[in-house]
Amino acid sequence: MHSRTVAMSAAGSRRALCSRRRFLQSVCAGGLALELAARRLPGGDDGADKALPASARLVVRSEKPLNAEPALEELARDWLTPVESFYIRNHGPTPRFDGASFRLAVEGLVDRQFELSVAELVERFPALRTTATLTCAGNRRSEFSGPKISGVAWGAGAIGNAEWSGVALAAVLRHAGVQSGAKHVWFEGGDEISDKAETYPFGGSIPMEKALAESDGRPTCVLATKMNGKPLTAEHGFPLRGVVPGYIGARSVKWLRKIVVSDRPSPNHYLAQAYKVIDEETPAALEAAAPLYEYAINSAIAVPSAETAVSPGRLKVQGYALPAGAAGCTLKRVEVSIDGGERWIAARIVSPVRDFSWALWSADVTVTEKTETLIVRAVDSSGQTQPREMPWNAKGYQYNAWHQVQLKHN
Ligand SMILES: Nc1nc2c(c(=O)[nH]1)N[C@H]1C(S)=C(S)[C@@H](COP(=O)(O)O)O[C@H]1N2
Ligand SMILES: [Mo]
């Protein structure tokens, strides 16, 4: 199944001449090896996957596949998270693509299916630049209490805010001509995830409504070539990734090389079986549950860290707060407590406030030798707030209880 996908995307301009199957079997096959060699650069195998990029300021949570998050102090510094401090969440080895030969295919329930290089994409569609926070559905998983949960043991650093530039997904879909009955947009990445006997790419889908959504007259979803003004790094999806603001990170597919317009949600494992809130991990429960799309409201204290010893007196507390991932939903309030949640002190928001983006906040509190914990909670414009406690779920998703730091005293 996977080799067919590779061949299809490599087919490029030859598609007109060869049907997919014939392409593999016949005259076009001679060019295949060469084209594939051009597409995947050396070092994209397991060996390269182990190492973090040299510039990264991240704590590695797993090496194979590479999963890493910044120390929380890093996150409180900039509203736009530097790429070096932006968490990396991979399900397989980081593929390394040659940007010139990479193609995005658009197919399914469309009037015109096509394939474009990244340069063609950027040339043909109006530029779109947007700020959006990505957060893994497993962010803060390590804080769940209850039976041990498998999966990456994330702290509260599997989140970052970046400026994404590229073109609007909606413009590309309109160009293809979405047919009636189309309800979902599937994404497929260029990675190869090995699971038992199978190898398949990471993928998923979003409802058509979200794919075409606008807020303030600007399209929401981006096909991004740049992150914070620079070409994507290999780890973050070079040369092209989807960015779906407001949705869990898993919907923002990296190394994006195929979009399929369909009447149903994607059958890809990461939409059909994973990223669901369930009580018990059985195939039946996974099948029955709905896929996660929007992320939940959340916040965390980044400074002081649990490792920093503090002295009695004034203490500056800083962190991030994320409104729920609904369009138009913005952060309303951030509150800090030093007495276990009896009284709350309003924090100052010290960054822009936008939907689909976190805000950074700062609060001055006065602590004594007896102060045990710092707690934060946020409230957004839809009136949602964070719960005091978070019920356990089998895959450890969407943990968003009040975030606490146990104070260490000097
Ligand atoms: N192709 C591909 N896309 C992917 C993933 C992946 O493993 N492969 N991981 C997803 C998940 S679970 C998250 S949280 C985000 C993380 O994006 P980042 O690594 O750029 O921070 O990418 C998503 N897109
Ligand atoms: Mo994720």
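Nothing here was measured: the structure is a model prediction, and the numbers come from that model. Start at 1 and go down the list; that is how both ligands and their atoms are numbered. Position 1 is the first residue of the sequence; numbering continues from there.
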Subject >> Test ring pair (Phe, Tyr, Trp, His ring centres under 6.0 Å) applied to H175 and F114, step by step >> reply: CA-CA 10 Å; H175 176 73; F114 56 86; 5.1 Å; yes
**OP:** Could you go through the side chain to side chain donor-acceptor pair (under 3.5 Å) check for S382 and D380 one step at a time?
**Re:** CA-CA 5 Å; S382 71; D380 68 26; 2.6 Å; yes
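Judged purely by distance below 3.5 Å, without hydrogens or angles, the side chains of N298 and R140 pair a donor atom with an acceptor atom. A donor atom on one side chain and an acceptor atom on the other are found under 3.5 Å apart for S337 and D339.
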Check each N or O atom of ligand 1 against all protein N or O atoms and list the pairs under 3.5 Å, with atom names and distances to 0.1 Å, one per line.
| from | atom 1 | to | atom 2 | distance (Å) |
| --- | --- | --- | --- | --- |
| ligand 1 | 1 (N) | D191 | OD1 | 3.2 |
| ligand 1 | 1 (N) | D191 | OD2 | 3.1 |
| ligand 1 | 1 (N) | K254 | O | 3.0 |
| ligand 1 | 3 (N) | K254 | N | 2.9 |
| ligand 1 | 7 (O) | H91 | N | 2.9 |
| ligand 1 | 7 (O) | H91 | ND1 | 2.7 |
| ligand 1 | 8 (N) | D191 | OD2 | 2.6 |
| ligand 1 | 9 (N) | R89 | O | 3.2 |
| ligand 1 | 17 (O) | R241 | NH2 | 3.2 |
| ligand 1 | 19 (O) | R89 | N | 2.9 |
| ligand 1 | 19 (O) | K254 | NZ | 2.6 |
| ligand 1 | 20 (O) | H236 | ND1 | 2.6 |
| ligand 1 | 20 (O) | R241 | NH1 | 2.7 |
| ligand 1 | 21 (O) | Y87 | O | 2.6 |
| ligand 1 | 22 (O) | R241 | NH2 | 3.4 |
| ligand 1 | 24 (N) | S252 | O | 3.0 |

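Between E143 and R141, none of the side-chain N atoms (NZ, or NE/NH1/NH2) sits under 4.0 Å from a carboxylate O, so this pair counts as no salt bridge. Between K258 and E107 there is a salt bridge, since at least one side-chain N of the basic residue sits less than 4.0 Å from a carboxylate O of the acidic one.
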